[in-house]
Amino acid sequence: MNRGLFITFEGIDGAGKSSHIARLADALRGAGREVVLTREPGGTPLAETLRELLLHQPMDALTEVLLAFAARRDHLRQVIGPALAKGCVVLCDRFTDATFAYQGAGRGLDGALLSYMERVAQTGIAQNDDLMLDPDMTLWFDLPPAVAAARLADARAPDRFESQPQAFFSRVAQGYADRAAQAPQRMFRIDAALEREQVAEQMLAAVAARGWLSADSHG
Ligand code: TMP
């Protein structure tokens, strides 16, 4: 099977990752790749419905994690798995690292429970595939929580996560740092405190270093 590439984008709210995803999509298309842009929670009608609940309805941390993984499994089965099987590059705004950072580090849920759910929810996506589906690369936009909070202050009406205190985002940021330490090959840290253009350069250089922006990097 000609499997594509799965690249995810992570960081605390206000880190500015979303504006860079389109930029990477353009660069990949310029290299002749077919690109699918998507996000979590979301990406399918069911998962977008679950996203609305997760962002706006009061619930406890375990309910959050159950909804996040339910949305993820549907997204993997309907969109991400089929796109990878076709050889596309899938660019996904957030994935399971967000669950470890927000529900694990932020809300205090047990990491072993999340790892178990990760394995169950992300396995058996393609037919006869008993491997856990995991990103090939994760671009982690790292920004001090105080800077992110200042950026968010001008944003639209905050959702349940954006309205959390800075102490919550300090824990989430630490959660991302811990995930990156556990998966240094997969997670690439981007200094999101730099100017927008420099942030884009770091991102493009990291992807180019893997050979994925060359026109002959795929068959
Ligand atoms: P977004 O606004 O960047 O699209 O992300 C939606 C929010 O959902 C963001 O505050 C992080 C949160 N989230 C979780 O808490 N757990 C998850 O598993 C995911 C994917 C997102």
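Counting starts at 1 for both ligands and their atoms, in listed order.
Between the side chain of Arg160 and the main chain of Leu54, a donor-acceptor pair closer than 3.5 Å is present. For Glu48 (side chain) and Gly43 (main-chain N/O), a donor-acceptor pair under 3.5 Å exists by modelled atom type. Looking at Thr63, its side chain never comes within 3.5 Å of a backbone N or O of Met59 through a donor-acceptor pair.
Nearest protein heavy-atom contact of atom 19 (C) of ligand 1 is Ala98 CB, 3.6 Å. Of the protein's heavy atoms, Thr99 OG1, 2.6 Å lies nearest to atom 18 (O) of ligand 1. Atom 21 (C) of ligand 1 has as its closest protein heavy atom Pro41 CD, 3.7 Å.
Summarising the contacts of atom 16 (N) of ligand 1 with Glu40, Glu64, Gln103, Glu10, the nearest heavy atom is found in Gln103. Between atom 3 (O) of ligand 1 and the options Gln164, Arg94, Arg107, the minimum heavy-atom separation is to Arg94. Of all the listed residues (Arg39, Arg51, Arg160), Arg51 holds the heavy atom that lies closest to atom 2 (O) of ligand 1.
If you check the side chains of Thr99 and Arg94, you find no donor sitting under 3.5 Å from an acceptor. Remark: the Asp178 side chain and the Gln174 side chain contain an N/O donor-acceptor pair separated by less than 3.5 Å. Judged by distance alone, the side chains of Tyr102 and Asp13 do bring a donor and an acceptor atom under 3.5 Å apart.
By the neighbour-count criterion of 12 heavy atoms within 6.0 Å, atom CZ of Arg77 is sparsely surrounded, having that number or fewer from other residues, nucleotides or ligands.
Numbered from 1 in the order shown, with element, the atoms of ligand 1 that lie under 4.0 Å from a heavy atom of Ala68 read 18 (O). Remark: ligand 1 atoms within the under-4.0 Å shell around heavy atoms of Arg72 are 18 (O), 20 (C). Residue contact check: Lys17 has heavy atoms under 4.0 Å from atoms 3 (O) of ligand 1.
Under 4.0 Å from ligand 1, not a single heavy atom of Ser18 appears. By the criterion of a heavy-atom distance under 4.0 Å, the side chain of Asp13, and not its backbone, is placed next to ligand 1.
Distances from ligand 1 to the non-hydrogen atoms of Leu55 include at least one value under 4.0 Å. A heavy-atom separation below 4.0 Å is not found between Glu162 and ligand 1.
The two residues Phe95 and Pro135 have their closest heavy-atom pair at CD2-CG, 3.8 Å.
Where the criterion is an N or O separation shorter than 3.5 Å, residue side chain and backbone included, Asp93 fails it with respect to ligand 1.
Under the 4.5 Å side-chain criterion, counting only non-hydrogen atoms from C-beta, Thr123 is not in contact with Leu131.
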